[in-house]
Amino acid sequence: MKKPDGKVVLLGDMSVGKTSLLHRYMERRFQDTVSTVGGAFYLKQWGPYNISIWDTAGREQFHGLGSMYCRGAAAVILTYDVNSLQSLTELEDRFLALTDTASADCIFAIVGNKVDLTDDCALSPETEDENRPEKSLASCGSIKVRKQVRAEDAIALYKKILKYKMLDEKDVPAAEKMCFETSAKTGYKVDYLFETVFEMVVPIIVRQKAEGSPQTVDITDYKPAKRTKSGCCA
Ligand SMILES: Nc1nc2c(ncn2[C@@H]2O[C@H](COP(=O)(O)OP(=O)(O)OP(=O)(O)O)[C@@H](O)[C@H]2O)c(=O)[nH]1
Ligand SMILES: [Mg+2]
């Protein structure tokens, strides 16, 4: 198997569509999924580089694995469901700390998935994936609901992440560029998301290669996190 040159990790609550987004991008289709156990990865050839894209489990019981998967990551894709404000809140409360092990210059993307279920009419069909079988968002046929998470909420989270990482807004890509809305079901903006991230990780990969940073995941590092009741100070 080819050795990966750089790593991109998808994080987010269960059922937000991480696995479906990866299937859509890598296999060009939307298919039934089962809730991910542990993690899995795909290798994507991007120019001269092999990028590993890690799909992680959103279920609470696998939470401790997240920081292991993030070790040395060049990019983290924080995924939520546009119909669940809770799934956005969880990114800050539960997942952000897992990225402490990522590369110091790690890129962050925030992705609101399942826009096909909303009544948001601002989505133009020409930006959707031409290869997908369903031709437009409107053709999904299901009853649309009002989107629960606004784009501004995701932008606010991106700014909080910069604060958490002690990064200056002028040194990193603009929030508007790094907050995406997608549909794994229709393919809407899925290629755009992954390809924007890949373009941005190339300089990080070049630097990591020059420094000889490892790109594998060592599961012997994994120690299940001892969960304490909230409010307790163990
Ligand atoms: N309508 C719609 N459903 C989606 C979309 N993406 C995923 N789903 C559905 O949402 C459910 C969960 O999708 P998964 O891709 O398994 O979610 P996940 O984030 O990988 O979940 P875990 O592996 O448990 O962390 C499945 O029933 C998918 O078919 C989408 O863009 N639109
Ligand atoms: Mg999954």
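Bear in mind that the values here come from a model prediction, so they are computed numbers and not experimental data. Both counts, for ligands and for their atoms, begin at 1 and track the order of listing.
- Remark: ligand 1 atoms within the under-4.0 Å shell around heavy atoms of Met14 are 21 (O), 22 (P), 24 (O), 25 (O).
- Judged by distance alone, the side chains of Tyr25 and Glu195 do bring a donor and an acceptor atom under 3.5 Å apart.
- Near Ser183, with a cut-off below 4.0 Å to any heavy atom, the atoms of ligand 1 are 31 (O).
- Of all the atoms in ligand 1, the ones that sit under 4.0 Å from a non-hydrogen atom of Asn113 are 5 (C), 6 (N), 30 (C), 31 (O).
- Atom 17 (O) of ligand 1 has Gly17 N, 3.2 Å as its closest protein atom, hydrogens excluded (heavy atom only).
- At the shortest separation from atom 19 (O) of ligand 1 among protein heavy atoms lies Lys18 NZ, 2.7 Å.
- In terms of protein heavy atoms, atom 27 (O) of ligand 1 is closest to Thr33 OG1, 4.6 Å.
- Close approach of ligand 1 to Ala184 (heavy-atom distance below 4.0 Å) involves ligand atoms 6 (N), 30 (C), 31 (O).
- Between Thr182 and the choices Thr79, Asp191, Val111, the side chain to side chain contact (heavy atoms under 4.5 Å, CB included) rule is met once, by Val111.
- Note on ring orientation: taking the six-membered ring where Trp is involved, the planes of His23 and Tyr42 are perpendicular (angle over 60°, cut-offs 30° and 60°).
- A distance below 6.0 Å separates the ring centres of Phe180 and Tyr192.
- Among the atoms of Ser20, no N, O or S atom is found under 2.8 Å from the Mg ion (ligand 2).
- The ligand atoms of ligand 1 that sit less than 4.0 angstrom from a heavy atom of Thr36 are 22 (P), 23 (O), 24 (O).
- The single protein non-hydrogen atom nearest to atom 11 (C) of ligand 1 is Lys114 NZ, 4.0 Å, given as residue, atom name and distance.
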Take Arg71 and Ser103, measure what side chain to side chain donor-acceptor pair (under 3.5 Å) needs, and give me the verdict at the end. CA-CA 7 Å; Arg71 180 152 306 143; Ser103 179; over 6 Å; no
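- For the atom pair CD1 of Ile161 and NZ of Lys159, the computed distance is 12.5 Å after rounding to the nearest 0.5 Å.
- Taking distance alone, with nitrogen or oxygen atoms compared against 3.5 Å, Asp55 stays at or beyond that limit from ligand 1.
- Applying the 4.0 Å criterion to heavy atoms of Val16 picks out, from ligand 1, the atoms 17 (O), 19 (O).
- Note that OG of Ser35 is 7.5 Å distant from CZ of Phe62, once rounded to the nearest 0.5 Å.
- Under 3.5 Å, the side chains of Tyr164 and Asp100 contain a donor-acceptor pair of N or O atoms.
- Here the CE atom belonging to Met14 is positioned 9.5 Å from the OG1 atom belonging to Thr36, to the nearest 0.5 angstrom.
- Within a 4.0 Å radius of atom 23 (O) of ligand 1, the protein contributes one or more non-hydrogen atoms.
- Counting heavy atoms under 4.0 Å from ligand 1, residue Thr19 touches it through both backbone and side chain.
- The shortest N or O to N or O distance between Ser20 and ligand 1 is below 3.5 Å.
- The shortest N or O to N or O distance between Phe30 and ligand 1 is not under 3.5 Å.
- Less than 4.0 angstrom separates some heavy atom of Asp116 from each of these atoms of ligand 1: 1 (N), 2 (C), 30 (C), 31 (O), 32 (N).
- For Ser35, every N, O or S atom stays at 2.8 Å or more from the Mg ion (ligand 2).
- Remark: Glu181 CD to Tyr80 OH distance equals 5.0 Å, nearest 0.5 Å.
- A side-chain donor-acceptor contact under 3.5 Å links Lys165 and Thr99.
- Shown in contact with Leu117 at under 4.0 Å from a heavy atom are these atoms of ligand 1, numbered in order with element: 1 (N).
- A salt bridge does not link Lys147 to Asp119: none of the charged nitrogens lies less than 4.0 Å from a carboxylate oxygen.
- Of the polar atoms of Ser15, at least one N or O is found under 3.5 Å from an N or O of ligand 1, judged by distance alone.
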